[in-house]
Protein chains: 2
Amino acid sequence: MVMDVTRRPYADALDRLRKAQLRPTRQRLALAKLLFSTGDRHVTAEALHKEALANRVRVSLATVYNTLHQFTQAGLLREVVVDPTRSYFDTNTSRHHHFYWEDEHDLADIPDRALEFDTLPLPPEGTEIAGVDVVVRLRRKPD
Amino acid sequence: MVMDVTRRPYADALDRLRKAQLRPTRQRLALAKLLFSTGDRHVTAEALHKEALANRVRVSLATVYNTLHQFTQAGLLREVVVDPTRSYFDTNTSRHHHFYWEDEHDLADIPDRALEFDTLPLPPEGTEIAGVDVVVRLRRKPD
DNA sequence: GTGTTTGCAAAGTGTTTGCAATTTA
DNA sequence: TAAATTGCAAACACTTTGCAAACAC
């Protein structure tokens with residue numbers, strides 16, 4: 001797996017926004033730095049907002065939501081559906097699957113080769129497969 | 001696939017509730033009849049509530065939510081997470097996976113043998129796998 | 001009768017939107 | 001300075017909850 005985390009978070013974030021044709025505003029730059037400077041991450045809007053505030057980045061929750069969706073549309077993020085009550089965004093946009101700890105509400109990538117299909121269904125007539133999402137739900141093992 | 005739909009919806013519903021140790025109230029019986037009399041179904045609370053009203057069953061939306069959760073806890077239903085904005089309940093509680101039409105918000109079972117794994121990840125230390133959910137997302141094929 | 005279930009309305013949670021003020025190019 | 005973006009507060013969709021009335025056993 002390639003780590004494309006540079007040692008120049010500002011320039012890196014700026015570059016991503018330019019490539020995505022998104023104006024590099026103060027808020028977007030700050031959020032991009034938080035999201036993309038430290039390897040693969042899974043965040044909720046709420047969590048990212050808290051993290052921004054803790055890093056003295058003044059940004060509203062509404063803007064965090066908007067930004068996460070703009071980043072997703074631009075292909076910088078991927079939305080992961082695992083919990084009906086909250087949306088997760090993944091900085092790893094490549095094809096991969098997820099572990100989900102139901103109790104802790106924690107999400108992690110499943111390593112690339114660890115999950116492979118033997119058979120996949122054919123898409124029904126007139127449709128095509130937009131994506132295949134696998135969630136392996138985990139619980140603490142009782143002793 | 002075994003169709004366990006009887007020609008005696010009332011007795012069948014009563015039986016299910018008894019086995020689940022749920023009091024057969026008018027509302028639960030009516031909802032069980034709607035859910036289990038017509039083969040495998042995927043419903044949202046809202047949709048089931050509308051259907052109940054259309055069948056002259058007087059029941060509140062709150063009771064529909066409560067009932068769906070009670071049925072799920074009792075193993076009569078299975079919750080399916082495919083859309084962050086609504087919860088689906090599946091009358092097919094056996095191990096199987098789903099097609100999801102993102103545009104139509106429509107859900108369907110994937111036939112048993114049509115999807116099989118070659119490799120599944122080991123659960124991380126201290127955890128066990130509670131379930132593996134696969135969603136094959138579909139879109140209309142452009143001509 | 002006693003304990004369970006229901007229905008309503010109110011509250012809650014996560015998310016989106018309208019719009020004036022601000023910022024970017 | 002024209003167009004895009006932000007922040008706030010209000011609106012929103014879906015879901016849960018508190019409690020008195022109704023119901024099942």
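Computed from a prediction, not measured in an experiment: that's the story for all the values here. Basis for what follows: all heavy atoms, side chains included, without hydrogens, waters or symmetry-related copies. In what follows, chains carry the letters A, B, and so on, assigned in the order in which the sequence lines appear, proteins first and then strands, with residues in each chain numbered from 1.
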Asker: Find the distance Leu68(B):CG to dT6(C):P and express it as a whole number of Å.
Answerer: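 Spelled out: CG on Leu68(B) to P on dT6(C) is 12 Å.
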Asker: 5' to 3' on DNA chain D, which nucleotides open and close the contacts with chain B (atom under 4.0 Å from a heavy atom)?
Answerer: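 Under 4.0 Å from chain B, the extent on DNA chain D is dC14(D) to dC25(D).
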Asker: Can a side-chain donor-acceptor contact be found between Asp90(B) and His96(B) if the only test is distance below 3.5 angstrom?
Answerer: yes
Asker: Grab the OH-P distance between Tyr65(B) and dA9(C) for me, whole Å please.
Answerer: 17 Å
Asker: In whole Å, what is the span from the CZ atom of Arg18(B) to the P atom of dT4(C)?
Answerer: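 Nearest whole value for this atom pair: 19 Å.
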Asker: Indicate whether the side chain of Arg28(A) and that of Gln70(A) have a donor and an acceptor atom separated by less than 3.5 Å.
Answerer: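 Judged by distance alone, the side chains do pair up.
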Asker: Would you confirm whether the ring centroid of His49(B) sits within less than 6.0 angstrom of the ring centroid of Tyr65(B)?
Answerer: no
Asker: Out of curiosity, Leu68(A) CG to Tyr88(A) OH, how far, rounded to the nearest 0.5 Å?
Answerer: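 The CG atom of Leu68(A) sits 13.5 Å away from the OH atom of Tyr88(A).
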Asker: Which whole-number value in Å describes the distance from Gln21(B) CD to dG3(C) P?
Answerer: 18 Å
Asker: For Phe117(A) and Phe117(B), I'd like to know if the aromatic rings sit close, meaning centre-to-centre distance below 6.0 Å.
Answerer: yes
Asker: Looking at CZ of Arg86(A) and OG1 of Thr44(A), how far apart are the two atoms once the value is rounded to the nearest 0.5 Å?
Answerer: 7.0 Å
Asker: What's the separation between atom CG in Leu48(B) and atom CZ in Arg41(B), rounded to the nearest 0.5 Å?
Answerer: 7.0 Å
Asker: Establish, yes or no, whether the cationic atom of Arg78(B) lies under 6.0 Å from the six-membered ring centre of Phe89(B) and within 45° of the ring axis.
Answerer: no
Asker: Give the rounded distance in Å between these two atoms: CG of Leu61(B) and P of dA9(C).
Answerer: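 Atom-to-atom, Leu61(B) to dA9(C), this comes out as 13 Å.
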Asker: Take His97(A) and Asp133(A) through the test side chain to side chain donor-acceptor pair (under 3.5 Å) and record every step on the way to the result.
Answerer: CA-CA 6 Å; His97(A) 303 292; Asp133(A) 296 342; 5.6 Å; no
Asker: Tell me whether the count of non-hydrogen atoms from other residues, nucleotides or ligands lying under 6.0 Å of CZ in Arg18(A) goes above 12.
Answerer: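 No - once you tally the heavy atoms of other residues, nucleotides and ligands closer than 6.0 Å, there are 12 at most.
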Asker: Evaluate whether atom CD of Gln73(B) has more than 12 neighbouring non-hydrogen atoms of other residues, nucleotides or ligands under 6.0 angstrom away.
Answerer: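 Atom CD in Gln73(B) is not packed in, count stays at 12 or less.
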Asker: Which residues pass the side chain to side chain contact (heavy atoms under 4.5 Å, CB included) test with Arg140(A), sequence neighbours left out?
Answerer: Asp103(A), Glu104(A)
Asker: I want to check one thing: is the phosphate of dT15(C), taken as OP1 and OP2, less than 4.0 Å away from some side-chain N or O of His69(A)?
Answerer: no
Asker: Run through DNA chain D and report every stem of 3 or more consecutive Watson-Crick or G-U pairs, distances under 3.5 Å, ordered by first number.
Answerer: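 DNA chain D forms these stems: C:1-25 with D:1-25.
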Asker: Does anything in residues 52-59 of chain A come within less than 4.0 Å of DNA chain D? Heavy atoms only, and list the residues if so.
Answerer: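 Correct list: Arg58(A), Val59(A).
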Asker: When the distance from CG of Leu17(B) to P of dT6(C) is rounded to whole Å, what number comes out?
Answerer: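 My rounded result for the distance is 10 Å.
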Asker: Less than 4.0 angstrom from a charged side-chain N to a carboxylate O is my criterion; do Arg137(A) and Glu102(A) meet it?
Answerer: yes
Asker: Can you give me the N/O atom pairs linking the protein to nucleotides 21-25 of chain C at distances under 3.5 Å, or say none if there are none?
Answerer:
{"from": "dT24(C)", "atom 1": "O2", "to": "Arg23(A)", "atom 2": "NH1", "distance (Å)": "3.2"}

Asker: Tell me which residues in residues 77-90 of chain B put a heavy atom below 4.0 Å from DNA chain C, sorted by number, or none.
Answerer: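 Per residue number, the list is empty: none.
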